[in-house]
Structure formats: C-alpha cells, structure tokens
There are 2 protein chains.
Amino acid sequence: MSASKRDELVQNALKAFYRSGFHAIGMDGLAKETGVSKTAMYKHFRTKEDLILATLRLRDEQFRNWLVRRVEALAETPRDRLLSIFDALAEWFREPEFRSCMFIKASSEYQDRNHPIHVASAEHKRLLLVYFEGLARAAGAASPEALARQLLTLKEGAIVLAHLHDPETAAADARSAAHILMKNAGL
Amino acid sequence: MSASKRDELVQNALKAFYRSGFHAIGMDGLAKETGVSKTAMYKHFRTKEDLILATLRLRDEQFRNWLVRRVEALAETPRDRLLSIFDALAEWFREPEFRSCMFIKASSEYQDRNHPIHVASAEHKRLLLVYFEGLARAAGAASPEALARQLLTLKEGAIVLAHLHDPETAAADARSAAHILMKNAGL
DNA sequence: CTGCACATTTACCGATCGGTACACCCGAAC
DNA sequence: GTTCGGGTGTACCGATCGGTAAATGTGCAG
C-alpha cells in the first residue's frame with residue numbers, strides 16, 4: 001500500500017474519530033468508513049492507539065497551520081493578529097461539522113496524565129501557547145507569557161461553550177474579553 | 001432494595017464514570033466497582049444511559065452546591081465572591097482525584113446536540129451562568145450578562161488547562177484575567 | 001502460461017459489550 | 001413447617017470489541 005494510501009487512511013480516520021469519539025467507534029466501523037480493510041490498517045499501525053496518535057499528529061499540524069494562515073490573512077500587526085485569533089475561532093465554530101476540539105475530547109477519554117494520547121493533547125496546547133506568546137512578545141505586551149496564557153484560557157473556554165451553547169456568542173464573548181486583557185497589557 | 005441503596009449506587013457510579021469515562025467502563029465493571037449486582041442496577045435504571053443521566057443530575061447538584069458554599073465562605077460582598085469563584089476552582093484543581101469537568105467529558109463522548117446527555121451538560125453550564133449573572137448583577141457590573149459569560153469562559157478554559165497542563169497556573173491565570181475583566185465592568 | 005510476491009478479503013479468535021432469564025435465598029404470613 | 005414474594009447472584013443472550021491467520025485475488029517477471 002502506498003504512502004498516500006496511508007495518509008488517506010489517517011485523514012478519514014481523523015474525520016471518523018472526530019465525529020464519533022475514540023472509544024465509540026471500533027476498528028470494524030473505521031474500516032468501513034475509511035474504505036481500508038482491517039488487515040491493511042493493521043499493516044500500517046500496530047494498535048488502535050497508534051492510529052489515534054497518528055490522527056492527532058495530523059490534526060495538530062492541520063489546525064495550527066490553518067490558524068496561523070487565517071490569522072496572517074485577517075490582520076497585519078502582531079497586536080491585531082492576537083485579536084484576530086478569535087475571529088478565526090468564530091469561523092471555525094460556524095462550520096457545520098464543528099464538534100469541539102479534537103484534543104479536549106482525546107484528553108477527556110484518555111485522562112491519565114501519562115497516557116501517550118493525553119501527552120499528545122497537552123503538547124498541542126503547549127505549541128499553541130508558544131504561538132500566542134510569540135505574537136504577544138512581538139506586539140510588545142507587558143508580560144507576554146501571562147497574556148498568552150490568559151488568551152489560551154479564553155480560547156479553550158470559548159471552544160467548550162461553542163460546543164455546549166451558542167457558537168456565535170462564545171466567539172464574540174471571548175473576543176471582547178481578549179480585547180480587554182490586551183488593553184490591560186498595554187496593547 | 002432501599003432508596004438509600006439506589007443513592008449509593010449512583011454515588012459510586014459517579015466516581016467510576018468520572019475516573020474511567022462513560023464508554024470506557026461497562027456495566028459489568030460498574031457492578032464490580034459499586035458492589036451492586038447487574039440485576040439490581042437494571043431494577044433501578046432501564047439502560048446505561050439512564051444511569052449516566054442520574055449520575056449527571058447528582059453531579060450537577062453536588063458541584064453547584066459545593067461552589068456556592070465555598071464562594072460564600074471565602075468572601076462577603078458580591079464583587080469579592082465573583083473573584084473567589086476562581087479561588088474555589090484552585091481548591092478543586094488541587095484535589096488529587098481531579099480529572100477535569102464531568103460535563104465537558106460527557107459532552108465530549110455524546111456530542112450530538114440533541115442527545116439527552118449533551119443536553120444535560122449544557123443545562124449544567126447554563127445554571128452556572130445564571131449563578132454568575134446573579135452575582136455580577138448584585139455587584140453592580142456594567143453588563144452583568146456579558147461579564148458572566150466572560151467569567152464562565154475563563155472558568156471552562158481554566159478547567160481544560162488544569163487538566164492538560166498545570167492546575168495551579170491555570171487557576172491563577174484565570175483569576176487574574178477575571179480581576180481585569182471585572183475592573184473593566186466597573187468592579 | 002507458470003510461479004512468485006504482495007495486497008485484500010473473509011472468517012475467525014477470546015474477551016467484553018449492554019441487557020435479560022432464571023434459579024435461588026431468606027424473611028414474613030399462616 | 002410450608003408457602004409465598006421480592007431482592008440477589010449467576011449464567012447466559014447476540015453483538016461487537018481489538019486483533020490475527022489463512023484463504024483469495026492480482027500483477028508482474030520469467
């Protein structure tokens with residue numbers, strides 16, 4: 001099986017896991033949804049957990065690339081880009097397939113802090129934090145680390161509430177809160 | 001079986017679901033952990049879903065009662081109580097059994113917006129929002145509804161990050177952000 | 001066409017899933 | 001002591017779980 005077939009498998013598995021949850025869908029269901037036979041799947045991945053970890057790696061790359069691109073497209077200055085993070089979020093929340101954050105869900109189902117899936121989820125959030133910090137520093141924030149952590153808190157909260165309550169309100173509230181926190185940090 | 005036995009079952013099932021996840025633990029494992037036989041469990045609850053819904057009702061009551069009591073004990077004025085929400089959160093995060101929010105996890109595993117479990121999770125967050133709003137209004141906030149939504153966003157984000165990164169930092173960051181948002185609302 | 005290598009399908013493994021049928025136990029009524 | 005009824009453990013149901021072995025294609029070198 002070619003490498004592109006493997007990528008295709010991971011792509012489709014990502015969609016299936018995102019839609020159904022990790023425990024909720026089995027390897028048989030996955031085989032049906034991806035169009036790849038079980039045997040072929042086990043050629044590429046030793047266990048279901050390995051497949052999940054591969055989908056998380058793909059999702060991390062996908063999401064952060066998408067966010068950076070959208071933020072760069074929406075605003076020019078570091079300060080405006082910090083704020084436009086929440087405009088990008090609003091766009092994401094509006095997608096009909098939106099079902100919260102893959103990594104929040106992953107860490108909900110694999111809660112042991114030492115579990116590889118939990119670790120991968122924590123790492124994704126850490127990389128986002130690093131991105132926020134870079135923008136905050138470039139913008140000249142009083143305490144870039146503190147502001148980045150606050151904005152990340154708002155982002156995660158907005159995702160949770162967009163999933164449970166209203167997507168539009170969740171993004172707008174987080175954005176207005178971010179604006180206030182940024183002003184407080186001198187931006 | 002007495003009514004108190006039923007309560008005991010729900011109590012123990014709550015712990016088991018919180019520790020393991022909803023899909024991850026089966027009715028056999030639940031019977032073992034609660035000390036109640038499968039037959040007895042099915043006397044009280046027609047399906048696993050019904051049992052889950054009962055545990056969520058208990059958890060909603062437990063958590064909101066606890067929060068209100070802690071907030072009342074920690075501060076006197078409505079303004080100080082708004083802030084002390086995040087001190088109470090910090091206490092919660094420090095508990096060794098802390099494993100994120102039961103309702104975030106529930107909505108992660110049952111994502112369909114119409115699913116009863118998802119609906120129950122959304123309702124829990126709505127009731128928290130109502131509580132926040134009452135405090136914000138009593139404190140004389142400029143826009144109590146908006147402030148309450150912002151603080152709820154911070155709370156949910158703090159829970160997610162306390163679970164994935166550092167509990168202590170997550171609570172402190174949310175608290176400092178809340179302080180700034182409250183000042184901005186005239187408090 | 002034959003023979004070989006590889007990919008895919010199919011059937012299966014023991015364990016566990018949510019849920020149920022039933023034999024059993026034990027105290028109360030007589 | 002006998003009978004009865006409600007709560008109990010146990011054994012079981014078909015389906016599905018994660019994972020595997022072997023049969024069945026399929027394409028290509030000779």
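Proteins come first, then strands; the chains are lettered A, B, ... in the order of their sequence lines, and each starts at number 1.
A salt bridge is defined here as a Lys NZ or Arg NE, NH1 or NH2 lying under 4.0 Å from an Asp or Glu carboxylate O, and A/D60 with A/R64 meets this definition. Residues A/R126 and A/E123 are paired through a salt bridge, judged by an N-O separation under 4.0 Å between the basic side chain and the carboxylate.
Between A/H23 and A/Y110, the ring planes lie parallel to each other; the angle is under 30°, not in the 30° to 60° tilted range.
Comparing atom distances between the B/Y42 side chain and each of C/dG19, D/dT20, C/dT8 picks out C/dG19 as nearest.
C/dT20 atom C1' lies 9 Å from atom NZ of B/K38, rounded to whole Å. When rounded to the nearest whole Å, the span between CE of B/M41 and C1' of C/dC17 equals 13 Å. Separating the CG atom of A/L51 from the P atom of D/dG19 is a distance of 10 Å, rounded to the nearest angstrom. If you take CD1 of A/I25 and P of D/dG18, they are 9 Å apart, rounded to a whole angstrom. For A/E8 and C/dT8, the CD to P distance is 11 Å, given to the nearest whole Å. In this structure, A/H23 places its NE2 atom 15 Å from C1' of D/dT16, rounding to the nearest Å. Residue A/D50 contributes atom CG, which lies 14 Å from atom P of D/dG18 at whole-angstrom precision. Computed from coordinates, the A/R46 CZ to D/dT20 C1' distance equals 14 Å when rounded to whole Å.
Heavy-atom nearest nucleotides on DNA chain D were determined for A/G26 and for B/K43, and the one closer to the 5' end corresponds to B/K43. Between B/G35 and A/E49, the residue whose closest nucleotide on DNA chain D is further toward the 5' end is B/G35.
Close to C/dT9, at under 4.0 Å from its OP1 or OP2, lies a side-chain N or O of A/S37.
Taking the ring centre of B/F22 as origin, the terminal cationic atom of B/K105 falls outside the region bounded by 6.0 Å and 45° from the ring axis.
For a distance-only test at 3.5 Å, the side chain of A/T39 fails to qualify as a donor-acceptor partner of the base of D/dA23.
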